[in-house]
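In this text, all values refer to a predicted model and were calculated from it rather than measured experimentally. All heavy atoms count here, side chains included; hydrogens, waters and symmetry mates do not. Read the numbers this way: they start at 1 and go in the same order the structure lists the ligands and their atoms.
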Amino acid sequence: MTEPTSPSRRILIVGGGTAGWMAAALFAHAWQKRGFDITLLESSAIGTIGVGEGSTPKMRRFFERLGVPEAEWMPACNATYKCGIRFPKWATRKGYESYYHPFFSHDDDATIRAFFNNVTLRNRNFDVPAHPDAFFVSNYLARQRRAPLAEAGTGYAADYAYHFDASGIVEFLKGFSATHGVRHVIDTVTAVHRHENGDLAGVSTEQHGDIEADFFVDCTGFASLLICKTLGVQFDSYKDILFNDSAVALPTPHDADGSLPSETLSTALKYGWVWKIPLTNRFGNGYVYSSSYIDQDAAETELRAHLGLLDADVEARHLKMRVGRVAHSWDRNCLAVGLAQGFIEPLEATALMIVQDTVETFMQRYEQGGFSDRYRADVNEKINLIFDGVKNYVFMHYKLNSRDDTDYWIDNRANPHVADDVARILEVWDKGGDLLGELRNQASRLVYSPTSWYCILAGMGRFPRAPKKPKRKLQVADPADAKRYCEGLARHFPDHRAALARFAASD
Ligand SMILES: Cc1cc2nc3c(=O)[nH]c(=O)nc-3n(C[C@H](O)[C@H](O)[C@H](O)COP(=O)(O)OP(=O)(O)OC[C@H]3O[C@@H](n4cnc5c(N)ncnc54)[C@H](O)[C@@H]3O)c2cc1C
């Protein structure tokens with residue numbers, strides 16, 4: 001193996017799941033013309049995780065960056081639009097049994113102000129209507145199964161994300177990467193080699209001999225073959241904070257009326273929650289649960305009962321999840337991306353957003369400073385903040401639950417492993433303090449906007465304990481006004497299924 005004297009032009013991506021192909025597409029699109037030689041190596045004997053069908057609005061920027069229009073990739077991936085996520089049955093407080101986490105834009109400012117106004121007035125002694133659902137256009141779009149694409153001339157731009165078929169996106173990105181010069185090798189890595197200085201030098205494979213590279217991208221999934229197993233980077237588990245470590249998935253057919261939801265449904269069950277993700281050809285469903293509270297067979301039975309599939313001959317897929325993150329994603333000449341670098345359970349569908357953030361941040365800093373330690377530290381710090389910021393927000397769903405039906409929910413609520421930032425948010429909120437100010441103080445560590453934090457707190461029915469002295473000018477906003485405004489706007493958005501049909505019509 002040669003010493004690493006060349007200017008890092010040969011990049012070897014190990015792993016061909018969604019993370020590997022997203023990384024390949026981003027690298028190839030930006031760097032292939034500049035002389036980088038990019039190879040993706042994946043094993044046909046070791047499968048991909050095969051799930052991961054929800055996204056955040058960041059995914060829009062991914063395809064925009066690659067210059068791929070929706071009409072090209074969405075039909076190929078059975079993709080649908082996602083206006084937000086609905087969370088039924090997480091809380092039991094009357095009127096707060098379900099809440100919706102909306103994607104919103106500046107065009108929601110008027111109703112968001114009304115929501116903030118009422119939330120600020122609301123406390124346990126003053127029952128102001130402060131459930132967020134009334135105040136966000138996105139909720140009405142999702143309720144009415146509309147696509148988040150406003151007719152021209154409304155002056156309103158909804159933010160949105162997508163749902164897509166996990167294998168479809170891999171195939172699409174594989175094709176994209178091939179046309180951008182990525183070499184694809186199908187083989188299994190049997191050994192990883194290092195230079196004397198400890199950097200990675202290359203890998204041995206079963207059929208293609210040794211493959212050398214200057215820079216390595218570990219996309220080997222939960223195996224973490226390069227970053228953890230070879231370089232020995234520590235994995236920090238979130239198990240004490242996020243209890244779920246398993247999932248069982250099952251597809252179901254569309255609703256009989258032929259309509260297509262434009263939201264993810266994340267319904268709490270006894271020992272976790274179940275996702276329902278609409279694709280153009282089926283629903284994807286999966287129960288995410290903690291194996292400390294329920295075993296695999298019982299979880300599958302509970303999911304089947306929930307879906308009405310107790311007697312159906314549909315095979316379920318069982319998955320284990322390693323929840324946490326590596327101490328740093330970029331070590332020496334290796335960047336870990338995807339499940340290899342870490343995973344936060346899929347409640348907010350953030351994994352592919354972190355893949356994108358990791359690769360983009362790395363590329364940006366690498367262009368500025370190559371392998372400089374300063375930039376490496378900077379990238380690692382940024383990625384860790386994203387992981388921890390998402391973890392805190394996901395944790396809040398569990399902390400705020402008000403279910404008493406199982407130990408699982410009671411233990412989640414009583415969980416003492418509360419991050420300092422989360423503890424501070426709860427303390428300020430419960431005392432009726434200046435939460436906006438607190439969130440601003442935490443801005444450099446927050447992944448979710450203040451609006452999202454207010455939505456989850458109010459949406460799950462948690463309100464300040466201490467009565468506040470309302471400012472004299474503050475008046476209660478009537479949610480009926482927000483409803484009228486949102487419904488008026490929603491009329492200018494197309495039916496979801498009809499919006500997707502236009503792709504077929506333009507073939
Ligand atoms: C239950 C569940 C639900 C999820 N839901 C979402 C969601 O809604 N939204 C979201 O963004 N994310 C979600 N995720 C996460 C998402 O699935 C992953 O982040 C995404 O699929 C990327 O996976 P990956 O490419 O890192 O790993 P994998 O898909 O596991 O791919 C690993 C690759 O490494 C290769 N490999 C491993 N070892 C070797 C070897 N020795 N030699 C050669 N190749 C090797 C394999 O062949 C494979 O190609 C979910 C995950 C789980 C578990």
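A centroid separation of less than 6.0 Å is found between the aromatic rings of Tyr99 and Phe87. Taking the six-membered ring for Trp and the full ring otherwise, the centers of Phe362 and Phe215 sit less than 6.0 Å from each other. Between Trp90 and Tyr96, the distance separating the two ring centers is not shorter than 6.0 angstrom. The ring of Trp73 has its center closer than 6.0 angstrom to the ring center of Phe63.
Heavy-atom proximity to atom 6 (C) of ligand 1, evaluated over Gly17, Ala340, Ser44, Gly52, is greatest for Gly52. Which of Leu40, Leu41, Ile277, Leu339 comes nearest to atom 18 (C) of ligand 1 through a heavy atom is settled by distance: it is Leu339. The closest heavy-atom contact to atom 10 (C) of ligand 1, among the options Ala223, Gly54, Ser224, comes from Gly54. Distances from atom 35 (C) of ligand 1 to the heavy atoms of Gly15, Ala336, Ala45 put Gly15 nearest.
Among all non-hydrogen protein atoms, the one lying nearest atom 50 (C) of ligand 1 is Phe343 CZ, 3.6 Å. Atom 46 (C) of ligand 1 has its closest protein heavy atom at Ile46 O, 3.3 Å. Taking atom 12 (N) of ligand 1 as the reference point, the nearest protein heavy-atom neighbour is Ala351 CB, 3.2 Å. In terms of protein heavy atoms, atom 41 (N) of ligand 1 is closest to Val189 O, 3.4 Å. In this structure, atom 16 (C) of ligand 1 lies nearest to the protein heavy atom Val51 O, 3.8 Å. The protein heavy atom nearest to atom 5 (N) of ligand 1 is Pro346 CB, 3.3 Å. Closest to atom 33 (C) of ligand 1 among all protein heavy atoms lies Cys219 O, 3.4 Å. Regarding atom 49 (O) of ligand 1, its nearest protein heavy-atom neighbour is Gly16 N, 2.8 Å.
Taking any N or O of Thr188, backbone or side chain, none lies under 3.5 Å from an N or O belonging to ligand 1. The N/O atoms of Met321, backbone and side chain alike, include none that comes under 3.5 Å of an N/O atom in ligand 1.
Contact annotation: Phe222 has no heavy atom less than 4.0 Å from any atom of ligand 1. Residue contacts with ligand 1 include Asp187, since one or more of its heavy atoms lies under 4.0 Å from the ligand. Assignment of Trp275 to the shell around ligand 1 is supported, since a heavy atom sits closer than 4.0 Å.
Under 4.0 Å from ligand 1, the heavy atoms of Glu53 that appear belong solely to its backbone. Contact annotation for Ala247 and ligand 1: only side-chain heavy atoms (C-beta onward) come within less than 4.0 Å of the ligand.
Close contacts between ligand 1 and Gly338 involve ligand atoms 26 (O) [criterion: under 4.0 Å to a heavy atom]. Using a 4.0 Å cut-off to heavy atoms of Ile49, the atoms of ligand 1 that qualify are 17 (O), 21 (O), 28 (P), 29 (O), 30 (O). Close approach of ligand 1 to Leu225 is summarised as follows: ligand atoms under 4.0 Å from at least one heavy atom of the residue are 41 (N).
The backbone N or O of His208 lies less than 3.5 Å from a partner atom in the side chain of Asp187, making a donor-acceptor pair.
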**OP:** Begin from the C-alpha positions of Phe176 and Trp21 and carry the test ring pair (Phe, Tyr, Trp, His ring centres under 6.0 Å) through to its verdict.
**Re:** CA-CA 9 Å; Phe176 177 93; Trp21 286 110; over 10 Å; no
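Relative to the ring axis of Tyr162, Lys82 does not place its NZ or CZ within 45° and under 6.0 Å from the centre.
Side chains of Ser204 and His193: a donor on one and an acceptor on the other come within 3.5 Å. Checked by atom type, the side-chain pair Ser224/Arg322 shows a donor-acceptor distance below 3.5 Å. Checked by atom type, the side-chain pair Ser262/Arg145 shows no donor-acceptor distance below 3.5 Å. In summary, the side chains of His254 and Arg497 do present a donor paired with an acceptor at a separation below 3.5 Å, with no hydrogens or angles considered.
Ring geometry for Trp453 versus Tyr393: interplanar angle over 60°, hence perpendicular rather than tilted (30 to 60°).
Salt-bridge formation is not detected for the pair Arg365/Glu360: no Lys NZ or Arg NE/NH1/NH2 atom is positioned less than 4.0 Å from an Asp or Glu carboxylate oxygen.
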